[in-house]
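Numbering of ligands and ligand atoms starts at 1, following listing order.
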Amino acid sequence: MMKKYEELMKICLDEAQKYRFDVAPNPMVCAIIYDENNDKIISKGVHKKYGENHAERNAIIEAGDVDFSDKTLIVNLEPCSHQGKTPPCADLIIEKGFKKVVIGTYDPNPLVCSQGVMKLKNAGIEVISGVLEDECKELNKVFIKNVTKKMPYVTVKIATTFDSKIVTAGGESKWITGEASRAYVQKLRAQHFGILSGSGTVLADNPALTCRLKGERSPERIIIDRHGKIPFDYQVFRDDDTRVFLATHNLERDFPKNVAPVEFANFRDLFAKLYNMGVYSILVETGKTILTTLVKQEMADEIYKFVSPKIFGTGMDFIGNLNVFKISECYKLEFREIERVEEDILIKARFLYDE
Ligand code: AOF
Ligand code: ZN
């Protein structure tokens with residue numbers, strides 16, 4: 001049966017992710033009601049919009065007038081136990097008399113946090129947890145950070161040579177990685193709420209920082225420009241219905257109406273402010289200086305490093321001085337995945353910080 005649960009959980013993950021931007025800062029959740037005796041899916045329910053029905057409730061409504069007493073509910077997140085904008089799913093599941101509940105991962109929301117499972121178990125429902133747990137956590141990594149830290153989830157994207165260089169000794173940086181890697185970055189942009197870049201990169205390349213994939217949404221732009229050096233006719237400031245946050249200390253300018261200046265003390269302060277304005281995840285695409293500061297301030301959650309099979313020898317390293325003199329002082333990561341992207345390799349790694 002475990003293989004079957006995994007197969008159904010995959011369907012949940014697939015369905016849930018379609019509503020990433022509509023449900024935020026809530027998690028992406030899908031529930032399936034399954035008849036084990038007849039190997040049949042009875043119904044599917046998805047959490048589709050923040051403030052509206054949770055996945056379990058939608059699956060139950062969709063099932064209609066059914067006897068639930070021999071049915072299994074599969075859901076990628078622990079059913080909630082609290083009264084939020086909607087009533088507790090665990091209570092509804094108990095009321096309907098389900099036989100079994102299969103969950104992917106526990107809900108880290110301090111208001112739920114394994115109390116949903118406890119309620120179900122106390123009511124005599126069999127609970128199986130941890131089905132495709134890693135995948136379920138990965139899907140909702142932004143929610144997990146949001147609900148536990150009230151901060152956006154921050155992913156740094158870098159493209160380097162095999163010897164971790166980002167610029168040649170002669171000052172060239174285009175292009176280090178291949179076309180497939182650059183197309184992959186477009187997909188990443190579409191999945192993030194915000195994209196962050198700095199004045200160095202913007203002044204050098206005048207990038208648009210949009211997602212150029214058809215039908216996909218572009219992230220909101222966050223530009224770090226402490227001294228207000230970037231002219232407002234640069235591409236990042238154009239008015240295209242996407243909010244632009246300008247992180248700056250120079251408030252003396254007349255800002256275009258689509259540009260919101262944000263004063264900040266450090267990255268923690270800036271990110272907390274952005275979180276409160278609905279920027280729940282950020283893709284950082286900057287140069288060495290900002291990346292170094294970000295890592296020093298322990299504000300990056302994850303790094304996506306595209307490595308191209310080229311060697312520059314001398315040139316600019318992707319990261320600068322972190323004041324690490326002893327190995328025991330180094331910044332630590334955990335490798336999560338390695339993917340081949342045509343001629344390049346993508347390494348996904350998570351930062352490990354002491355709590
Ligand atoms: C579930 N199923 O589909 C979702 C859950 O304000 P509310 O009522 O929408 O509650 C939001 C919280 O409920 C959210 O922070 C998370 O802990 C949980 N989300 N739970 O059982 C769902 N979206
Ligand atoms: Zn719920």
Show which atoms of ligand 1 fall inside a sub-4.0 Å distance from at least one heavy-atom site of [X].
| X | value |
| --- | --- |
| V29 | 3 (O), 4 (C), 22 (C), 23 (N) |
| G84 | 6 (O), 8 (O) |
| C80 | 1 (C), 20 (N), 21 (O) |
| K85 | 6 (O), 7 (P), 8 (O) |
| P79 | 21 (O) |
| E78 | 21 (O) |

Can a donor-acceptor pair be found between the side chains of [X] and [Y] at a distance below 3.5 Å?
| X | Y | value |
| --- | --- | --- |
| E339 | Y184 | yes |
| Y5 | E36 | yes |
| T161 | D163 | yes |
| N38 | D35 | yes |

Aromatic contact, Y280 with Y275 (centres under 6.0 Å):
yes
Could you find the nearest protein heavy atom to [atom] and give me its residue, atom name and distance?
| atom | answer |
| --- | --- |
| atom 11 (C) of ligand 1 | N26 OD1, 3.4 Å |
| atom 21 (O) of ligand 1 | E56 OE2, 2.7 Å |
| atom 23 (N) of ligand 1 | H47 CD2, 3.1 Å |
| atom 16 (C) of ligand 1 | D107 OD2, 3.3 Å |
| atom 15 (O) of ligand 1 | N109 ND2, 3.1 Å |

Taking N or O atoms only and a 3.5 Å limit, does V112 qualify as a polar contact for ligand 1?
no
How are the rings of F271 and F267 set relative to one another: parallel (under 30°), tilted (30 to 60°) or perpendicular (over 60°)?
tilted
Quick one: CD on E7 to CD1 on I32, what's the gap to the nearest 0.5 Å?
9.5 Å
Distance-only, no hydrogens or angles: does the N258 side chain make a donor-acceptor pair with backbone N or O of R238 under 3.5 Å?
yes
